[in-house]
2 protein chains.
Amino acid sequence: MSVKYAMLGLLHYRDMHGYRIKQHMEQHFGNLWSINYGQIYPNLKKMEEEGLVTKKEVVRSGAPTRKLYSITPAGREAFAEWLLSDPHGTMLLRDPFLLRFVFFGFGTRERALQLVDEQIRLYETHLAKRRENMRRWHRQGVYVRQMGELGLLLNETILEWLKQSRREIARSRGEEVLRAERMNLPLES
Amino acid sequence: MSVKYAMLGLLHYRDMHGYRIKQHMEQHFGNLWSINYGQIYPNLKKMEEEGLVTKKEVVRSGAPTRKLYSITPAGREAFAEWLLSDPHGTMLLRDPFLLRFVFFGFGTRERALQLVDEQIRLYETHLAKRRENMRRWHRQGVYVRQMGELGLLLNETILEWLKQSRREIARSRGEEVLRAERMNLPLES
DNA sequence: CCTCTCATGTAAGACGTTACATGATTCA
DNA sequence: TGAATCATGTAACGTCTTACATGAGAGG
């Protein structure tokens, strides 16, 4: 359960409430991580029960009440142990566009171009945001900055790849259509 | 449930059994996807019940019996619908090393270097394999080849980033240790 | 002899997403 | 007036991983 340790890590910097934790994970770690409340709130509750964090309610007038969590010595210990442990398992990538992409030969070229164009626009937007964020990351220490750098590099790589793919697809004269007769062909063992 | 559609996609090329499906996904799609039997076998069973595939047992002497699955017209239809549908949601990346990396400031520099070196070795191995596979992918049509190209590009990008990070970490004179006093510091809102 | 590859599967549990419910404030 | 942001949470559902069970052949 890595979400738990990521939260304990963030609480080393400062006390936080659930909503803020989400923001930090999504904005500070190269814009590479996502998380949702369905994980955050139940996990905070559980960690409180386990004595890894403590809760303090902060009532504010004219604003929603916050539940500020602080890390305990037991929490620091659990985090330290995790941090030193061997990260096993490799990088996992999942992307609904990419999974379709590999099968685009079974659809039309027009649709393929359409979807690739959408992705290009998407990654251009992301890139602009990441470049803006880079300034912020620069002030956050070596590791946070490096993570930001990675997010940027990956974004640039994917964008270039998308553009290259687009050119190739446009060039190819594929009459590929979703018809049974054209299938059951290559793919080596 | 994207696994289901990925399997239907593969069955367009040829009839396959569960074990082979796993191999194909992991080897043909840029070495970017992973899947395990806990997903494959139950899904094949379910898809058979839904009439998307049919099963044929192939008994072989001196070798385990295979259960060959073929896609049905209903399966092709379901796949076609999915392929044309909008891929919603963005790329998701998860990596146990990367998640620790961002918190390396709370550990020792030595351990950080050690783990980075391990990753460098890992990605160098992957890179060699991907370069070998590239020849095979070249014969598999535009999209499979492009996916292989992406896997390669991402691998190269990460490897370069790891090496750059290593240099920076080695250069930095961090006396960061897991002690409470050194924490609760930066990280902007 | 031992490990790897081939081959199929199940069960339990961990993990993650989606949809819902609630309600105030700020900004256009 | 309507949308966005702030803020907390739950329940149901899906998905994925891990561990287990079984067994044969190939190659070192």
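In what follows, every chain begins at residue 1, and chains take the letters A, B, ... in the order their sequences are listed. Scope of the values below: all heavy atoms of this structure, side chains included, with no hydrogens, waters or symmetry mates.
Taking side-chain N and O atoms only, A:Arg94 has a distance below 4.0 Å to OP1 or OP2 of D:dC16. A sub-4.0 Å separation between OP1 or OP2 of D:dA7 and a side-chain N or O of A:Gln23 is absent. An OP1 or OP2 oxygen of C:dT17 is reached within less than 4.0 angstrom by a side-chain nitrogen or oxygen of A:Asn36. Within the 4.0 Å cut-off from OP1 or OP2 of C:dG9, not a single side-chain nitrogen or oxygen of B:Tyr37 is found. Residue A:Lys67 places at least one side-chain N or O closer than 4.0 Å to OP1 or OP2 of D:dG9. The phosphate of D:dT15 has neither OP1 nor OP2 within less than 4.0 Å of any side-chain N or O from B:Lys4. Listed pair A:Lys45 / D:dT8 fails the phosphate criterion, with no side-chain N or O lying under 4.0 Å from OP1 or OP2. Taking side-chain N and O atoms only, B:Arg60 has no distance below 4.0 Å to OP1 or OP2 of C:dC6. Regarding contacts with the backbone of C:dT8, every side-chain N or O of B:Tyr19 stays at 4.0 angstrom or more from both OP1 and OP2. Between A:Gln39 and C:dT17, a side-chain N or O to OP1/OP2 separation shorter than 4.0 Å is present.
As rounded to whole Å, 12 Å separates atom C1' of C:dG9 from atom CD1 of B:Ile40. Put simply, NE2 on B:His17 is 16 Å from P on C:dT5, counting in whole angstrom units. As rounded to whole Å, 9 Å separates atom C1' of D:dA7 from atom CZ of A:Arg66. Between the NZ atom of B:Lys22 and the C1' atom of C:dT8 there is a distance of 13 Å, given to the nearest Å. Between B:Ile35 atom CD1 and D:dC16 atom C1' there is a gap of 10 Å when expressed in whole angstrom units. For the pair B:Tyr41 OH and C:dC6 P, the computed distance is 12 Å after rounding to whole Å. Taking atom CG of residue B:Leu93 and atom P of nucleotide C:dG16, one finds them 14 Å apart after rounding to whole Å. Between the C1' atom of D:dA7 and the NZ atom of A:Lys56 lies a distance of 18 Å, rounded to the nearest Å.
A salt bridge links A:Arg111 with B:Asp86: the closest approach of a Lys/Arg side-chain nitrogen to an acidic carboxylate oxygen falls below 4.0 angstrom.
A donor-acceptor pair under 3.5 Å is formed between the side chain of B:Asp95 and the backbone N or O of B:Phe97.
Comparing D:dG9, C:dG16, C:dC6 by their nearest atom to the side chain of B:Pro64 picks out C:dC6.
Closest heavy-atom contact between A:Glu124 and A:Leu159: CG-CD2, 3.7 Å. Across every non-hydrogen atom of A:Ala112 and A:Phe104, the tightest pair is CB-CD1, 3.6 Å.
The nearest heavy atom of DNA chain C to A:Ser34 and to A:Ala63 marks one nucleotide each, and the one closer to the 5' end goes with A:Ser34.
Environment of CD in B:Glu26: crowded, with over 12 heavy atoms of neighbouring residues, nucleotides or ligands closer than 6.0 Å.
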